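I have placed the structure first, in the form of structure tokens, so that the comments after it can refer back to it.
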Amino acid sequence: MGKVSTHWFGLFSALVIFSYCSQYSPEASSESTLVLQSLLNYSANPSSACKSSMQEAEDCLKTSQDLSGSGELEISGLFSGGSAKNYESYCSQVLAQDQMSGLNSKTQECIFNCNEAYWSKVGSENDCSEEGSDLLISNSGVETLGCVRNCKELYSPEPEL
């Protein structure tokens, strides 16, 4: 008798779930599907993300003790070792480097988003004006390491060993 009642309970549960799910209109289902597809298939823009992260870095560094008042020319030159005169040029150089060019665009964008988040956090905590640029820049590499690893795990086609 126990097996029969379990069988009927299972069928009844399946019927309830089916009727509950069928109450939703196809429009709502297709909207949800479109939203999910857009999230999964969005087009990454690493160049734009790079420029945004550099602008966030500039906002912080231009208030630092040793780079007070610096702008795009100085900041892009600092990050590029003097070879870039603007963020467009700097970002092109970074994206062309072997370490970055071997990554897909979503991973690249994610890495720049990590950098932008670091600079935003440091700026919101008012640490920019209290520190020198050398310390702020070297801390960016340390502070974003975990985030960058997450980017690689999330968007890399093959897991790293």
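This structure is a prediction, so every number in the text was calculated from the model and none was measured.
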Problem set entry | Glu109 (side chain) donor-acceptor with Asn45 (main chain) under 3.5 angstrom | yes
Exercise. Can you pull the disulfide bond (SG atoms under 2.5 Å apart) pairs that have at least one residue in residues 48-77, sequence neighbours excluded?
Worked result: Cys50-Cys91, Cys60-Cys128
Exercise. Hey, does the side chain of Ser120 reach the backbone of Ala117 with a donor-acceptor pair shorter than 3.5 angstrom?
Worked result: no
Exercise. Between Gln55 and Asp59, is any side-chain donor less than 3.5 angstrom from a side-chain acceptor?
Worked result: yes
Problem set entry | Inter-residue atom distance Trp119.CH2 - Asp127.CG, 0.5 Å rounding | 11.0 Å
For this session: Give a yes-or-no answer on whether the side chains of Gln93 and Ser83 include a donor-acceptor pair shorter than 3.5 Å.
Result: yes
Problem set entry | Asn104 side chain to Tyr155 backbone, donor-acceptor under 3.5 Å | yes
Exercise. Given side chains that start at C-beta, do those of Met100 and Phe112 come closer than 4.5 Å, heavy atoms only?
Worked result: yes
Problem set entry | Step-by-step disulfide bond (SG atoms under 2.5 Å apart) determination, Cys114 to Cys151 | CA-CA 9 Å; Cys114 293; Cys151 292; 3.6 Å; no
Exercise. Hey, does Leu78 have a side-chain heavy atom less than 4.5 Å from the side chain of Ile137?
Worked result: yes
Exercise. Counting only N and O atoms by type, is there a donor-acceptor contact under 3.5 Å from the side chain of Ser92 to the main-chain atoms of Glu88?
Worked result: yes
Which atom pairs, donor and acceptor, lie under 3.5 Å between side-chain atoms of residues 64-76 and protein residues at least two apart or in another chain?
residue	atom	partner	partner atom	Å
Ser64	OG	Leu61	O	2.7
Ser64	OG	Asp66	OD1	3.4
Ser64	OG	Leu67	N	3.3
Gln65	NE2	Glu130	O	3.0
Asp66	OD1	Ser133	N	2.9
Asp66	OD1	Ser133	OG	3.3
Asp66	OD2	Ser133	OG	2.8
Ser70	OG	Leu67	O	2.8
Glu72	OE2	Tyr87	N	2.7
Glu74	OE1	Gly71	N	2.7
Ser76	OG	Glu72	O	2.7
Ser76	OG	Leu73	O	3.3
Ser76	OG	Asn86	N	3.2

